[in-house]
Structures are given as C-alpha cells and as structure tokens.
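Chain letters run A, B, ... following the sequence lines, proteins first, then strands; residues in each count from 1.
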Amino acid sequence: MAAPVYPAWVTRWVSGQWRQKKRPPVIRPTRPLVLADKVANRREQAGEATCITEMSVMMACWKQNDFNDTACAEEIRMFYDCVAKAEKERKDQNEEDTLSPRGNLTSSKVNKLLRRFPQITRYV
Amino acid sequence: RLVLCRLTQVRWSRYNPSFLEPEVNKELYQKPWEELSEEEKEKLELKAVQPIKAAPPTVSSSVFSDPMISKFTNMMMKDGNKVLARSLMAQTLEAIKRKQLEKYHKAPEDEKETIECNPYIIFHQALKNCQPIIGLSSITKGGKTYQVPVPLKDNRKRFLAMKWLITECRENKNRRMLMPEKLSQELLQAFNNEGPIIKKKHVLHKMAEANRAYAHFRWW
C-alpha cells in the first residue's frame, strides 16, 4: 500500500494543532446538505364539534317519540341542513390559500407547493 | 411516481385528467337545441371537442336500470358471479310484486289505494327507512377510546343500510329458505318500519343517544 491519504482533520489532529485553540467542526454531515421537498407535519389547532345543538334537539325528540323517525322528521331535516352547511364551510375554508392570522400555512399546503417546485439535485 | 419507460404500461392505467365523464341520460340528448339553458349548451359544445371516457358496463341508459339496484346487486355478488346476483335480484323484485298483488286483491275496496305494488318504490323506501341518521366513531382521548356520535355521509348511510340488509338475510334464515324470499320479506318489513334491520338502526341510535355527552370530542 502506498502512503495512505488521511482526511485533513486527521493530519491536523496528529500534528497537535487542536490542543491549542483550533477544533474541527463537531458535526460531520453524513448526507449532503440539501433541502428536502417536504416539511414536517405540524399539529393543527383542533376545531370544535359542529351541529351539537341540532343533534341534542333531535335526540330529545327521539326520546319523547320512542325513536320514531316520521315523528321527528322536522328535527332530522334541521340536523341534515346544519351538517351540510358545516361541511360546505369546512370545504371552503380548506380551499382558500390564505395565510392564517399568525402568518403560517398548513403543512399539507406547503408540501403541495414544494412538490410543484422541487429542489434541483443534478444538472443535465 | 409513475415511471413511463415502457411503451405500454403494465401496472394500471389512468385516464388523462382532460377526459370527461360520459353522459348516459338519453333525455338530455333528445331535447331540441333551443330548449337548453346557457350552461347546458356550453357543456354540450365542450363535449364535442374534449375526449370522453368509455362508459363502464354497469352504467346503462335503459329505463329499467337503477343505480341503487345495481349497487345492491354488486354487494350481493359473491366471487364475481354477477349472473347469479342479478337473477336473485330479479326474483326478489318479482316476489315482492307477487306478495303485494296478493294483498291488493284480498284487501277491501277502500284499502286498495294504500297498498303499494311497485317493487322499485318499495325497495327505495325500505332502504331509506333502514339508513341510520348518526353513527358512532371511535375517538381516542387521553389513552381511552370513546364511541362518539358523529353525522354520517350519504354514501356511508346507504352502504350501511345495504350491508345490514344483506348480512341479515344471509345469517338469520332457515336452512331451506331461499335468498329472494327472505330478502323480499325483509324489504317489506323495512317498508313498514318494523323488522330486525330497523331494530338494529334503533339500537345504533340509542347508543348514540347514550353517548351524547362525548359529542364534544369531535373536531370536525
């Protein structure tokens, strides 16, 4: 074997240069320092349960009428309307691409954007 | 990621997103040009230019086809035997019609109008009566799982109704009773808001009512 070539930090260490002041970087990166195309999942603020009043009204009606659906048709219709409205609101909220009051986007939206513009790792 | 290095893809194929769904409703095409509204005219013009997907074999434009009945037949099908499932469905509808006609002819004059003879109407109404209104979903909070009452989507309701009907007919019948007869019995009972499936629905509603305190655990 010819004279083995050691990395620069080995020769520096052997020569005793680091005993005085200079130290090598503590982190030796194993992977190349490249930004990933996704962010970590952030726990979003949990929303509240919707349509609870309608549901309780419907359940009270059920208890009175022995779970008969035809007797409680009006309450059931109101519950369905409330549910449809809440669903639509939720969809609209998710659809718009605006920043939240703190200036953030949800992690899923950020990932979608990053997927459209990925990091270039090689040139052709 | 799809790797398109082959000429013909082997795994699965997907239509280009620009392909439109086929329109099976014949009445839309039989309307004269002037009667169409603005948006319908635009849609037809778009369809003349854009490519259209092939219609699946289950969808048909005949008056006898019903999407709900086809869905139910598919759920009844075992091992891909669509012929058997379809014949069972036809026999069920025939059995319903026969039973209702028998009742009709035996009933006195004033009650004859209240008896429903159309098996399709009976099927749809029975399914609607079997659909649960709220369901329970397991939510884990603080290490414990709770059954939380939750509003269900339409597809889920229809699926649950059909599933309950089919499992009920498969399990709780006598050895010699055939499926069409049992199914017609269950459908007629569900049409009159009685029977084991309606009871199951009521049990689900009662459990939801008992757990209504946990309704706040939902976050949607």
Side-chain angles (χ1 to χ4, degrees), chain A residues 36-38 41-95 106 108 111-112 114-119 121-122, chain B residues 1-2 114 124-142 146-158 160-161 164 189-220:
Chain A
D37 288 328
K38 55 185 177 180
N41 281 333
R42 205 162 48 129
R43 203 171 66 154
E44 294 304 323
Q45 224 175 12
E48 308 94 31
T50 45
C51 302
I52 295 199
T53 39
E54 324 279 330
M55 186 157 59
S56 43
V57 158
M58 189 176 66
M59 288 188 171
C61 173
W62 268 346
K63 244 202 149 95
Q64 278 176 353
N65 296 21
D66 191 31
F67 292 93
N68 186 359
D69 279 337
T70 40
C72 300
E74 185 57 39
E75 277 84 1
I76 292 177
R77 193 188 61 84
M78 273 178 26
F79 180 61
Y80 280 163
D81 287 341
C82 174
V83 163
K85 216 164 46 155
E87 188 75 32
K88 204 163 114 55
E89 224 183 86
R90 202 172 181 73
K91 241 181 80 156
D92 288 336
Q93 210 187 37
N94 275 355
E95 191 67 38
T106 42
S108 50
N111 281 338
K112 276 197 189 135
L114 288 174
R115 235 174 285 151
R116 279 170 62 190
F117 306 105
Q119 185 86 1
T121 42
R122 53 158 76 154
Chain B
R1 272 190 205 127
L2 277 175
T114 52
H124 285 263
Q125 187 58 41
L127 266 189
K128 232 202 290 197
N129 289 351
C130 286
Q131 284 178 9
I133 297 171
I134 34 171
L136 294 171
S137 111
S138 330
I139 292 186
T140 323
K141 197 148 172 155
Y146 301 97
Q147 295 289 325
V148 175
V150 133
L152 298 169
K153 289 209 174 133
D154 281 330
N155 287 347
R156 179 87 187 144
K157 286 184 210 158
R158 271 185 291 227
L160 276 175
W164 286 344
Q189 279 181 333
F191 181 68
N192 299 331
N193 270 329
E194 54 197 31
I197 302 161
I198 301 285
K199 236 178 152 185
K200 204 165 179 174
K201 180 180 91 144
H202 285 332
V203 159
L204 182 63
H205 285 174
K206 279 182 191 150
M207 276 197 41
E209 221 246 297
N211 287 10
R212 65 178 185 267
Y214 298 138
H216 286 274
F217 286 176
R218 216 163 30 114
W219 59 84
W220 68 95

Spacing of [X] atom [atom1] and [Y] atom [atom2] [to the nearest 0.5 Å]:
{"X": "B/Ile133", "Y": "A/Cys72", "atom1": "CD1", "atom2": "SG", "result": "8.5 Å"}
{"X": "B/Lys128", "Y": "A/Asp69", "atom1": "NZ", "atom2": "CG", "result": "11.5 Å"}
{"X": "A/Met58", "Y": "B/His205", "atom1": "CE", "atom2": "NE2", "result": "7.0 Å"}

Whether A/Phe67 and B/His202 hold their rings parallel, tilted or perpendicular, with breakpoints at 30° and 60°: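 Rings of A/Phe67 and B/His202: tilted, as their planes differ by 30° to 60°.
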Contact origin within B/Lys206 toward chain A - heavy atom pairs under 4.5 Å: both
In this structure, are over 12 heavy atoms from other groups packed under 6.0 Å from [X] atom [atom1]?
{"X": "A/Glu89", "atom1": "CD", "result": "no"}
{"X": "B/Arg156", "atom1": "CZ", "result": "no"}
{"X": "B/Tyr146", "atom1": "OH", "result": "yes"}
{"X": "A/Gln119", "atom1": "CD", "result": "yes"}

Chain B contacts, top residue of A/Thr70, A/Ile52, A/Asn68 (heavy-atom pairs, under 4.5 Å):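 Heavy-atom pair counts peak at A/Ile52.
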Distance-minimising heavy-atom pair for A/Met55 and B/Ala215: CE-CB, 3.7 Å
